[in-house]
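Here, residue 1 is the first one in the sequence, and each next residue gets the next number.
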Amino acid sequence: MRITIAGGGIGGLATALSLHAAGLDDIVIHEAAQEIRPLGVGINLLPHAVRELTELGLADRLAQIGVPTAELAYFNRYGQAIWSEPRGLGAGYRWPQYSVHRGRLQLLLLDAVRERLGARSVRTGSRITGLRHDSDLLIGADGIHSAVRAALFPGEGAPPWNGLMLWRGTTYGEPFLTGRSMIMAGDGTQKFVAYPIGDGRLINWIAERPLDGEPPERGKWNCPANLATVVEHFCDWRFDWLDVPGIIAGAEAAFAYPMVDRDPLPYWTKDDVVLLGDAAHAMYPVGSNGASQAIIDARVLAHSLATTGTATAYEDIRRPATTALQRANRSQGPDVVLRLAHERAPGGFKDIEQAVPLAERAEIAASYKRTAGFDPTLLNERASWSVR
């Protein structure tokens, strides 16, 4: 089977590696950029994605570029603790959770593709603009502005925006909490996220709040932002354990990104074309699931093609799962605890149990893990997607 992959991002590269591991190696990736460079900021790889990369033989390389996340913790806008839980190995998973630089992960996958499939398997400066191709299957892994998706669903238009703006940046600073903590602070409308990447001293951060007026280009993550404006929105968010305005002000640069996603689709496959990753199910960056879900897509698609010769099983498994996740993220996913705590104790609380009881907080977290496919027991016991 000859396979063309549109897009050399994390999803496209993971797909090539997964297909090769499943015995399908007549593959060419077409990437529109002239050069694949380590762009972007930090992302989280959840244990279900780390499992797939481990089974692709990339565990040691991943450990060299990732910070193993120790905990996820939620706080209100005053720095009071709402909920925290261990993550990765500390939560009973057989695989860690990693915070990584998106660009470094992309280069790790690119190096592996070139090693295993050959240098000619990746063609840069080569854009797939529609459904025409000279292979047996075209895989559209070309992101939220997918040309393959647009050809399958003409007239869909720009990604819908929910009125929130994200600003993303990285700042060198002192470790906070465990030194490997991922924190989310806010009130359900305005939010600040931070976690270490790289050598652990580089803090990846995301600031989020509603924006008046029209945003910059939707789905473009690298629009420069005015740091002074972002600091102004968070000027009084100074906690005993984290100086939010100081972190924002200390960044060399920041990028603005309107919070957009795509509506769920009625199908992903048509004739000799199939969608994957953001091209199939772009979702709000809630719950750290974007890249992780694309990696899982890649593994399930490879298994489906290698065992049945079609993508039918892939779509049957993945489309309902990601549709449920897209909808959960539109309802704030696990971050809903920030809104609940603010609504019930807008000025802060003396006892979080009186505002949001432990049982409620625990079920919110557990329910999202089930929806996103990383409930620890289910993940640990699930059969592998490896073909051989």
Side-chain angles (χ1 to χ4, degrees), residues 1-20 24-37 39-40 102-103 106-107 109-110 113-114 117-161 216-223 257-258 260-283 290-291 293-295 297-298 301-302 305 310-311 314-315 318-319 322:
M1 179 183 289
R2 293 177 303 145
I3 299 173
T4 295
I5 299 174
I10 291 170
L13 294 168
T15 300
L17 291 171
S18 299
L19 292 168
H20 176 266
L24 302 166
D25 54 12
D26 191 352
I27 303 161
V28 177
I29 298 173
H30 292 261
E31 167 54 42
Q34 293 294 329
E35 178 185 2
I36 297 177
R37 296 182 291 131
L39 303 176
R102 175 185 287 275
Q106 187 176 6
L107 290 188
L109 297 174
L110 176 63
V113 167
R114 286 173 169 163
L117 282 82
R120 295 185 179 181
S121 62
V122 181
R123 299 179 185 175
T124 56
S126 179
R127 183 187 298 274
I128 299 293
T129 59
L131 303 181
R132 295 184 61 183
H133 58 98
D134 59 356
S135 56
D136 298 308
L137 180 68
L138 170 62
I139 300 174
D142 46 345
I144 194 169
H145 293 297
S146 168
V148 178
R149 177 178 174 132
L152 286 175
F153 298 93
E156 185 179 29
W161 176 48
E217 184 178 344
R218 301 183 188 186
K220 186 176 181 180
W221 54 264
N222 58 350
C223 297
Y257 181 89
V260 297
D261 66 356
R262 286 289 190 184
D263 291 329
L265 291 174
Y267 59 87
W268 290 357
T269 58
K270 185 176 182 181
D271 301 327
D272 56 354
V273 178
V274 60
L275 299 176
L276 179 144
D278 279 356
H281 52 71
M283 59 188 68
Q293 294 297 325
I295 291 167
D297 285 353
L301 177 59
L305 292 174
T310 74
Y314 158 71
E315 178 166 346
R318 294 298 297 150
R319 189 167 62 84
T322 56

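Closest approach of Leu276 and Tyr314 over heavy atoms only: CA-OH, 3.5 Å. Between Ala151 and Pro154 the shortest heavy-atom distance is O-CD, 3.6 Å. Nearest heavy atom pair, residue Tyr257 against residue Ile144, reads OH-CD1, 4.3 Å. Across Ala279 and Gly140, no two heavy atoms sit closer than the pair CB-O, 3.4 Å. Among all heavy-atom pairs drawn from Gly12 and Ile29, the shortest one is O-CD1, 4.0 Å. What you find for Gly11 and Ala141 is that their closest heavy atoms are C-CB, 4.4 Å.
Rounding to the nearest 0.5 angstrom, the gap separating the OG atom in Ser121 from the CD1 atom in Ile3 is 12.5 Å. Atom CE in Met1 sits 6.5 Å away from atom CG in Leu24 (nearest 0.5 Å).
At a threshold of 4.5 Å between non-hydrogen side-chain atoms, the residues Leu19 and Leu305 count as touching. Residues Leu152 and Val273 are in side-chain contact: their nearest non-hydrogen atoms beyond the backbone lie under 4.5 Å apart. Looking at heavy atoms from C-beta onward, Pro159 lies out of side-chain contact with Asp261 at the 4.5 angstrom threshold. In this structure, the side chains of Leu301 and Trp268 stay at 4.5 Å or more apart for every pair of heavy atoms. Inter-residue side-chain proximity for Arg114 and Leu110 is flagged as met; some heavy-atom pair is nearer than 4.5 Å. The closest side-chain heavy-atom distance from Thr15 to Ile27 is not below 4.5 Å. Contact annotation: the side chain of Phe153 never approaches that of Ser146 to less than 4.5 Å [non-hydrogen atoms, C-beta and beyond]. Side-chain contact between Arg102 and Ile10 is present, with at least one heavy-atom pair separated by less than 4.5 Å.
A side-chain donor-acceptor contact under 3.5 Å links Asp297 and His281. In this model, a donor atom of one side chain and an acceptor atom of the other lie less than 3.5 Å apart for Thr269 and Glu315. Side-chain contact, Ser126 with His30: a donor N or O sits under 3.5 Å from an acceptor N or O. Inspection of the Arg318 and Gln293 side chains reveals an N or O donor paired with an N or O acceptor under 3.5 Å.
Scanning for salt bridge (charged side-chain N to carboxylate O under 4.0 Å, His left out) contacts around Asp26 gives an empty result, with sequence neighbours left out.
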Check residues 127-136 and write down every donor-acceptor pair under 3.5 Å in which the side-chain atom is one partner and the other belongs to a residue at least two apart or another chain.
| from | atom 1 | to | atom 2 | distance (Å) |
| --- | --- | --- | --- | --- |
| His133 | ND1 | Ser135 | N | 3.3 |
| His133 | ND1 | Ser135 | O | 3.3 |
| His133 | ND1 | Ser135 | OG | 2.9 |
| His133 | NE2 | Asp272 | OD2 | 3.1 |
| Ser135 | OG | Thr4 | N | 3.4 |
| Ser135 | OG | Thr4 | OG1 | 2.8 |
| Ser135 | OG | Leu137 | O | 3.1 |
| Asp136 | OD2 | Arg2 | N | 2.7 |

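The list of salt bridge (Lys or Arg N to Asp or Glu O under 4.0 Å) pairs with a residue in residues 139-157, not counting sequence neighbours, reads Arg149-Glu156, Glu156-Arg262.
Of the possible polar contacts, one joining the Glu31 side chain to the Gly8 backbone as a donor-acceptor pair under 3.5 Å is found. Looking only at distances, no side-chain donor or acceptor of Glu35 sits under 3.5 Å from a matching main-chain atom of Arg37.
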